[in-house]
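Start at 1 with the first residue, then count along the sequence. We count ligands from 1, going down the list as the structure has it; atoms in each ligand are counted the same way.
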Amino acid sequence: MFNKEQQLIETKIREFCAANDIPLAELKWQPIPFSGEWGFATSFFQTAANEARTGKSGKPVPLRAQEMAEQVKGQIGTVEGISRIDAVKGYLNLYFSTAAYASRVVGEVLASGPDFGRGTKKNERVMVEYAQPNTHHSFHIGHARNAILGEVLARLVEFAGFETIRASYPGDLGLGVITVMWIYDKLYKGQEPSGVHERGQWLAKLYVEATAMLEKKEDETPEQTAQREAYDAERREMYRKWDAGDATVRELWHRTREWSLEELRDILGILDIKIDVWFYESEVDEPSKVIIDELIQKNIADDERPNGGAVIVKIDEKLGLTKDKYRTAVVLRSDGTSLYLTKDLALAKVKFEQYHVDRSVYVVDFRQSLHFEQAFKILEMWGFPQASNCYHLSYGYVTLPEGAMSARRGTVALFKEVYDEAIKRVLQVETEKSADIPAEERQKIASQIGLGALVYSMLAVDNNKHIVFDINEALSFDGRTGPYIQNAYVRANSILKKANIQSFKAANSQNFDYELTKHEIELIEQISRFPQTVEQAANEYRPLVMASYAYDLANTFHSFYHAVNVMQTTDEKTRNARLQLVMAAKQTIENALRLLDIQSPDVM
Ligand code: ARG
């Protein structure tokens, strides 16, 4: 926001250091919170420390840093827009007049609108892979955390200025998939529920039923054992046929896979997620085997198939590590079939070579940490140049109050059911409270709020923390919740509506030349922090940083709303400035919510 001033001063600092042969460290600026006035600061400690290392100055670092700050200050003279410059304890502090700062912040928001906070364009292309559940299951609340986390990360990275590609990678093969196809073929052939979600959820039920049929039970009778083994033989036969490309089995696979994908696409639609590239595990199966041949040739992988074993990579041993770290990974089964790990080697190659990405982020829960460490390490050993640009964004899993979710047992909270319940609850309240809103609009608002609550509950937790998903908690609308933030937006909107203001021309200068109240100062300060929050959240891959910010901003706005009566401000100039501040707050809340994949309803 103060790029112009910053650059001007940076130039002067560089000139000073060049003239005095001082090894300048990277210049970092930080805002000075309000205490009578606002400002920003930079420190000379690092530079003084660098200089000390060259042995040029014999002075203690703090003393020398302060000396530099003072000399630079003397060098700068006066700068337009800056009211005061201080050199204190090795820092150079630059202050603005309060009115100038306030109008600068508000003016910037109003001029940039939806782009307020957007980072400068970076020359880097980032691929974010998320929303990649296995097919032939149904989308549960754990998948929702993954999808939301990935989408918000993609939005943050994109808004921070990186070119962003959203990718999905559904697991569409393997024993779980075959299990569902087996029972369908055996017991339900020709049947098919009608709705998209019913069909997807039905597959999940079939999986539970099949698992029960195939699972060894305690105290089995010999007949039961024989029966179970016969089932398993059928399933294995189906797997073999799938592998061999049998037309009937492949047709069944395609058809049932599509049921899952239709459901997935529908849910991504609800979540406003638009995936750019779809990879499928089945598509990298063949290419992955070629890589294994190379690994064997390069003596990275050991082929133990001649002795009835598998193809393995003794990662630790090859790296000369004496402690267990990456361990030994199987990369091809003895029968020549690939594994999950094998396919990730090929996938990484496709991502970098076909999409020319510079960085590749995998949003996958922490239980797969070792898997990704192994995959990236093997890629590196293989000589894959971008192995170090692969990053596993690990996060905690979601459990229910009654325990872990299990697709095998069918003990999962399905996203669609939770979503429907959320809307139902909000509608109930809305119907009582806001009977004046037309029914259709009420429905739309209810879905915005219900989803807002759900989405925020998934983001208000740091990546590495587990979530115990309690629907009542997720749908409570008080405290740190999505609706609390949405409500701040609604309030800002209602003030502007009362004042009959659609927008301010950016050219309209903001005049904050009056005694600002504490609440106005806090609000301006919060708003001014938005751009750096975008940058921080994107750099750290932490949606929580933005989620917390949005809450703090809403909180500050609610306090302002209660303390400052904008419409009853008698002085017209002051009222006008306040209205502009409200509009800037509304815009900033909207931008923050958008990055969090939460909609901003006009009323609620
Ligand atoms: N489909 C996998 C699962 O549900 C997640 C895929 C993660 N991405 C990857 N490149 N391995 O566990």
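- Ring-plane geometry between Tyr541 and Tyr391 is classed as tilted, the angle between the planes lying from 30 to 60 degrees on a 0 to 90 degree scale.
- Using a 30° and 60° split on the angle between ring planes, Phe279 and Tyr169 fall in the perpendicular class, above 60°.
- The contact set between ligand 1 and Val364, taken as ligand atoms under 4.0 Å from a residue heavy atom, comprises 7 (C), 8 (N).
- Under the 4.0 angstrom criterion for non-hydrogen atoms, Tyr340 is in contact with ligand 1.
- Applying the 4.0 Å criterion to heavy atoms of Tyr169 picks out, from ligand 1, the atoms 8 (N), 9 (C), 10 (N), 11 (N).
- Under the 3.5 Å distance criterion, the side-chain polar atoms of Asn591 are matched with a main-chain donor or acceptor of Phe116.
- Polar contact check, Gln132 against ligand 1: a nitrogen or oxygen pair lies under 3.5 Å apart.
- Those atoms of ligand 1 with a heavy atom of Leu347 less than 4.0 angstrom away are 10 (N).
- Distances below 4.0 Å separate heavy atoms of Glu129 from the following atoms of ligand 1: 7 (C), 8 (N), 9 (C), 10 (N).
- Between Gln368 and ligand 1 there is a heavy-atom distance shorter than 4.0 Å.
- Scanning all protein heavy atoms for the shortest distance to atom 3 (C) of ligand 1 gives Asn134 OD1, 3.7 Å.
- Under the 4.5 Å side-chain criterion, counting only non-hydrogen atoms from C-beta, Phe352 is in contact with Asn389.
- Partner Leu595 forms a side chain to side chain contact (heavy atoms under 4.5 Å, CB included) with one of Leu156, Val152, Thr533 and no other, that one being Leu156.
- For ligand 1, the polar-atom distance check against Asp344 finds a nitrogen or oxygen pair separated by under 3.5 Å.
- Under a 4.0 Å criterion applied to the non-hydrogen atoms of Tyr362, ligand 1 contributes the atoms 10 (N).
- The pair Arg155-Glu151 meets the salt-bridge criterion, since a charged nitrogen lies less than 4.0 angstrom from a carboxylate oxygen.
- Tyr484 has its ring centre no less than 6.0 Å from the ring centre of Tyr456.
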